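As structure tokens, the structure follows; a few thoughts come after it.
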There are 4 protein chains.
Amino acid sequence: MPDPRTDYLTARRDAIRDAAEGVFVRWGFDGATMQQIADEAGVSAGTIYRYFASKDDLVRAVARACSARYTAQFESSAQTATSPLELLMTAGAHIWEGIGSASARRDAILQLEATLVAVREPTSAALLAESMGEMRRLIEALIRDAQTQGEVDPFIDPTALAWLLMATTNGVQSLALQLGETVDTTAAWRVFEQLLAGIRTQEDGR
Amino acid sequence: MPDPRTDYLTARRDAIRDAAEGVFVRWGFDGATMQQIADEAGVSAGTIYRYFASKDDLVRAVARACSARYTAQFESSAQTATSPLELLMTAGAHIWEGIGSASARRDAILQLEATLVAVREPTSAALLAESMGEMRRLIEALIRDAQTQGEVDPFIDPTALAWLLMATTNGVQSLALQLGETVDTTAAWRVFEQLLAGIRTQEDGR
Amino acid sequence: MPDPRTDYLTARRDAIRDAAEGVFVRWGFDGATMQQIADEAGVSAGTIYRYFASKDDLVRAVARACSARYTAQFESSAQTATSPLELLMTAGAHIWEGIGSASARRDAILQLEATLVAVREPTSAALLAESMGEMRRLIEALIRDAQTQGEVDPFIDPTALAWLLMATTNGVQSLALQLGETVDTTAAWRVFEQLLAGIRTQEDGR
Amino acid sequence: MPDPRTDYLTARRDAIRDAAEGVFVRWGFDGATMQQIADEAGVSAGTIYRYFASKDDLVRAVARACSARYTAQFESSAQTATSPLELLMTAGAHIWEGIGSASARRDAILQLEATLVAVREPTSAALLAESMGEMRRLIEALIRDAQTQGEVDPFIDPTALAWLLMATTNGVQSLALQLGETVDTTAAWRVFEQLLAGIRTQEDGR
DNA sequence: TATGAATGAGTTTTCATTCAT
DNA sequence: TATGAATGAAAACTCATTCAT
């Protein structure tokens with residue numbers, strides 16, 4: 001079934017896309033040139049056009065790959081969890097820990113670039129919304145589970161909470177990007193954890 | 001004291017800067033051309049260079065103006081508040097209310113653009129960090145006041161909380177940008193309010 | 001007879017022309033901007049156009065002034081000479097002495113610029129040729145005098161010698177411009193003097 | 001060893017450089033536009049930038065080529081000479097003969113342009129000085145040889161004489177440029193020859 | 001008469017894209 | 001299929017010149 005020729009082409013395409021990603025992170029979608037990408041990928045400038053119709057096409061491919069990675073990261077984040085709430089918290093802790101890392105930084109930059117593209121291109125906007133929506137559904141499902149299991153206050157709106165969690169995480173990422181080491185993400189996580197205690201089912205008889 | 005000539009020049013400069021802002025919002029810092037800005041401002045392209053040394057200079061001026069507006073908005077947000085915590089909550093509510101508005105959208109876009117510039121230019125990074133730091137100090141001071149007055153849990157790290165509030169607000173802004181009407185910011189605010197109850201001084205006998 | 005108004009205008013014109021000269025020396029005819037000239041002259045850019053029809057016109061005025069100064073310098077160079085040959089030699093020595101000076105440097109630069117303009121504009125070429133011709137006639141006349149008085153070999157072509165003297169002087173000027181202190185003009189003059197002995201009337205019985 | 005691709009590129013580069021030379025001669029370094037050069041070379045303006053980093057770079061390449069040609073011309077000028085002095089005189093005669101030619105005119109113009117660039121740019125000045133120095137060393141060596149062989153007065157400073165010969169030649173070139181046919185270079189050469197007789201070893205019993 | 005803000009044509013330079021080899 | 005030279009359509013920026021004040 002897997003045509004070796006197709007495999008080769010796919011691998012090539014992915015290699016170029018990954019090279020482009022690195023260049024985009026360093027120079028921005030607009031600032032990057034096809035030549036830089038070609039150099040990084042070790043191919044000639046003309047070759048890129050055998051795999052991507054245009055620079056825009058390449059940009060979209062990179063944005064899509066970044067989104068996919070983002071969702072996958074969350075999905076694999078807390079395999080060992082024993083309860084929905086624990087899973088959420090563990091995944092959150094895991095992601096926040098990584099916030100300073102080079103790869104998180106890369107993804108955050110690409111995410112910002114992609115957001116700005118989406119602001120101007122409805123097609124990209126739909127793509128981005130789709131990926132964000134998928135993420136939101138994952139989180140929301142966990143919250144509903146947690147509510148079903150009595151771990152989380154049943155009066156809380158799961159959709160809104162899911163958005164809020166995502167927004168806060170992205171916001172901290174972005175802040176870290178803007179301020180570097182100045183912002184103490186560990187301390188912020190501690191405070192956030194404390195806040196999240198507020199959605200736990202109130203066990204006291206209040 | 002006010003030289004009419006200087007006044008004229010300043011007004012002109014501001015007008016060009018404002019025109020540039022509009023074009024930047026629609027097309028991005030990179031995508032916008034000096035000609036578009038000139039057209040929007042109703043001047044010739046050459047004239048812009050009497051007021052700004054370069055496109056970069058214009059970008060910086062716009063970014064600075066946007067930051068200033070942002071801080072000013074917060075400062076004027078809750079003049080009628082009677083306590084630090086109330087002030088914070090009122091300001092937060094006010095800002096979140098505005099999140100869907102066209103002007104908030106404009107500012108959010110410019111903020112994202114500025115962030116990406118900052119990622120690549122240390123000078124811009126310093127400028128952005130300065131403006132974010134100022135904002136943070138304002139919020140942090142309020143939190144400390146609230147702690148002094150017994151409104152907020154004294155064990156919470158005020159700096160971390162300030163960053164967290166900013167990150168969440170920016171994150172929601174950004175989310176709104178990405179998803180338009182899909183995300184219900186009012187519901188998110190209600191959940192956030194609920195979370196923030198967790199930092200209130202615990203009056204029960206904990 | 002001298003209208004004070006005309007005097008004022010003439011003085012103004014000269015001041016602007018002199019300012020332009022300085023700027024042209026530093027930046028070249030092409031590199032200099034009208035704004036620089038205006039700044040140097042302490043007037044506004046627009047004002048220059050009341051005195052000169054265009055930048056080209058200003059260039060021509062500067063070139064003309066430079067040529068005039070050049071001829072005048074030669075004419076006043078050796079007032080105390082007692083014989084034509086002595087006059088020539090004294091003037092030569094005087095000019096060669098000045099070769100390293102700032103003012104000679106200025107004039108040499110302007111002369112080169114003017115030459116290049118002349119190469120491309122017949123009008124300027126005629127002007128330059130006229131000024132060079134005048135100079136040549138002055139020198140040639142001296143040579144003829146010297147021949148009449150038996151100081152110089154009568155078989156030498158006075159016109160050709162005049163051209164040669166001018167060419168050599170200009171050439172050394174130009175060399176000094178290209179090489180700065182590297183070239184020892186005093187030593188070159190000594191050798192040149194020695195050569196010029198060759199045109200003296202041969203007193204030995206050859 | 002000779003890569004056909006490299007050969008092609010080198011030929012292309014040379015062709016563009018030669019086209020540029022022609023345009024520079026007609027319009028000057030400053031007056032020439034990249035578009036004119038492209039048209040002359042039969043390529044698009046953008047193509048030039050594959051071979052030269054900037055207009056300045058192209059200017060430098062042209063200046064260098066001109067200098068190299070100048071030195072080479074001298075070196076090949078008098079292959080059949082039987083003595084150093086004869087070589088010098090033959091080379092001089094040869095160069096002076098060519099002074100009116102179109103190619104000498106071209107080179108003279110480029111030399112003037114290069115001189116003016118050198119006046120304002122230390123880097124170019126160094127380049128020009130280097131090329132002039134090389135020429136001077138060639139001539140100086142010949143003079144020393146002639147002195148050793150008893151052809152030239154041993155009391156003459158060979159360096160100063162070398163500079164003087166170069167200055168005079170350049171000066172006559174420049175004069176021819178300024179005055180066209182008006183100046184009789186053949187007559188001037190005759191006079192110069194006569195002067196140069198003065199450096200010959202005095203055979204009479206002085 | 002002087003000013004200097006405005007103009008807009010013109011210049012250098014970049015770069016996505018094409019296409020002959 | 002890959003290459004990379006060539007293209008040409010912008011884009012930023014400059015500056016001589018004009019003209020309302």
Side-chain angles (χ1 to χ4, degrees), chain A residues 5 8-9 12 16 27 30-39 41-59, chain B residues 4-5 8-9 12-13 16 27 30-38 41-59, chain C residues 5 8-9 12 16 30-39 41-59, chain D residues 4-5 8-9 12-13 16 30-38 41-59:
Chain A
R5 193 145 43 190
Y8 170 74
L9 291 181
R12 210 74 200 277
I16 290 173
W27 298 93
D30 277 294
T33 73
M34 294 304 266
Q35 191 55 58
Q36 286 174 315
I37 295 168
D39 290 348
V43 299
S44 73
T47 298
I48 299 179
Y49 287 85
R50 292 221 156 260
Y51 298 92
F52 298 92
S54 67
K55 190 182 177 185
D56 267 19
D57 193 33
L58 187 47
V59 162
Chain B
R5 184 135 59 197
Y8 171 76
L9 292 179
R12 214 74 208 281
R13 198 185 135 98
I16 291 173
W27 298 93
D30 277 296
T33 73
M34 294 305 265
Q35 191 55 58
Q36 287 174 315
I37 295 168
V43 299
S44 76
T47 296
I48 300 179
Y49 289 87
R50 285 193 73 76
Y51 297 91
F52 298 92
S54 65
K55 190 182 176 184
D56 265 22
D57 193 33
L58 187 47
V59 163
Chain C
R5 194 144 43 188
Y8 170 74
L9 291 180
R12 210 75 199 276
I16 291 172
D30 276 294
T33 71
M34 294 303 265
Q35 191 56 57
Q36 287 174 314
I37 295 167
D39 290 347
V43 300
S44 73
T47 297
I48 299 179
Y49 287 84
R50 293 223 155 259
Y51 297 91
F52 298 92
S54 66
K55 189 182 178 185
D56 266 19
D57 192 33
L58 187 47
V59 162
Chain D
R5 185 136 57 196
Y8 171 76
L9 291 180
R12 213 72 208 282
R13 197 185 135 98
I16 291 173
D30 276 295
T33 73
M34 295 304 266
Q35 192 54 56
Q36 287 175 315
I37 295 168
V43 299
S44 75
T47 296
I48 300 179
Y49 288 86
R50 285 192 73 76
Y51 296 91
F52 299 91
S54 64
K55 190 182 176 185
D56 264 23
D57 193 33
L58 187 47
V59 163

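What you see is a predicted model, and the numbers here were worked out from it, not measured in a lab. In the text below, chain A, chain B and the rest are named by the order of the sequence lines, each starting its count at 1.
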Exercise for review: Round to a whole Å and report the spacing from CG of B/Leu9 to C1' of E/dG4.
Suggested key: 10 Å
Review point. Looking only at side-chain N and O atoms, does A/Tyr8 come under 4.0 Å of OP1 or OP2 in F/dA2?
Key: yes
Exercise for review: Enter the distance from B/Tyr49:OH to B/Leu58:CG here, rounded to the nearest 0.5 Å.
Suggested key: 8.5 Å
Review point. Phosphate oxygens OP1/OP2 of E/dT1: is one of them under 4.0 Å from a side-chain N or O of C/Arg12?
Key: no
Are there any protein N/O atoms within less than 3.5 Å of an N/O atom in nucleotides 11-14 of chain E, and if so, which ones and at what distance?
residue : atom : partner : partner atom : Å
E/dT12  : OP1  : D/Ala32 : O            : 3.3
E/dT12  : OP1  : D/Lys55 : NZ           : 3.0
E/dT12  : OP2  : D/Met34 : N            : 3.0
E/dT13  : OP2  : D/Tyr49 : OH           : 2.6
E/dT13  : OP2  : D/Lys55 : N            : 2.9
E/dT13  : O5'  : D/Tyr49 : OH           : 3.4

Review point. At their closest point, which heavy atom of B/Tyr51 faces which heavy atom of B/Arg13, and how far apart are they?
Key: O-NH1, 2.8 Å
Practice item. Extract the stems that DNA chain F is part of, considering only consecutive pairing runs of at least three Watson-Crick or G-U wobble pairs, both distances under 3.5 Å. Key: E:2-21 with F:2-21
Practice item. Among F/dG4, E/dT7, E/dT1, find the nucleotide with the atom closest to the side chain of C/Arg50. Key: E/dT1
Point to revise | Heavy-atom donor-acceptor pair, C/Lys55 side chain to C/Thr33 backbone, under 3.5 Å | key: no
Review point. Is the phosphate of E/dT3, meaning OP1 or OP2, less than 4.0 Å from a side-chain N or O of C/Thr47?
Key: yes
Point to revise | Nearest-angstrom distance from the residue atom CH2 of B/Trp27 to C1' of F/dA11 | key: 15 Å
Study note, to complete from the structure: In this structure, CE of D/Met34 is separated from OG of D/Ser44 (nearest 0.5 Å) by 11.0 Å
Exercise for review: Could you tell me whether the phosphate oxygens of E/dT7, OP1 or OP2, come under 4.0 Å of any side-chain nitrogen or oxygen in B/Ser44?
Suggested key: yes
Exercise for review: Can you tell me the distance, in whole Å, between the CD atom of B/Gln36 and the C1' atom of F/dA10?
Suggested key: 12 Å
Review point. Do the non-hydrogen side-chain atoms of C/Arg12 and C/Val43 ever get within less than 4.5 Å of each other?
Key: yes
Practice item. Working to the nearest 0.5 Å, report the span between CZ of D/Phe52 and CD1 of D/Ile37. Key: 9.5 Å
Practice item. Would you classify C/Phe52 as touching base, sugar-phosphate or nothing, given that sugar-phosphate means primed atoms plus P, OP1 and OP2, and contacts are heavy atoms under 4.0 Å? Key: nothing
Practice item. Please report the closest heavy-atom contact between B/Ala38 and B/Ile48, naming both atoms and the distance. Key: N-CD1, 3.7 Å
Review point. Separation of C/Asp39 atom CG from E/dG4 atom P, in whole Å?
Key: 10 Å
Check your understanding: Which residue lies toward the 5' end of DNA chain F, D/Tyr51 or A/Tyr51, if each is placed at its nearest nucleotide?
Key -> A/Tyr51
Review point. Given atom CG of B/Leu58 and atom P of F/dC13, what is their separation to the nearest angstrom?
Key: 10 Å
Check your understanding: Taking all atoms of both residues into account, what is the closest heavy-atom pair of C/Gln36 and C/Gly31, and its distance?
Key -> OE1-O, 3.9 Å
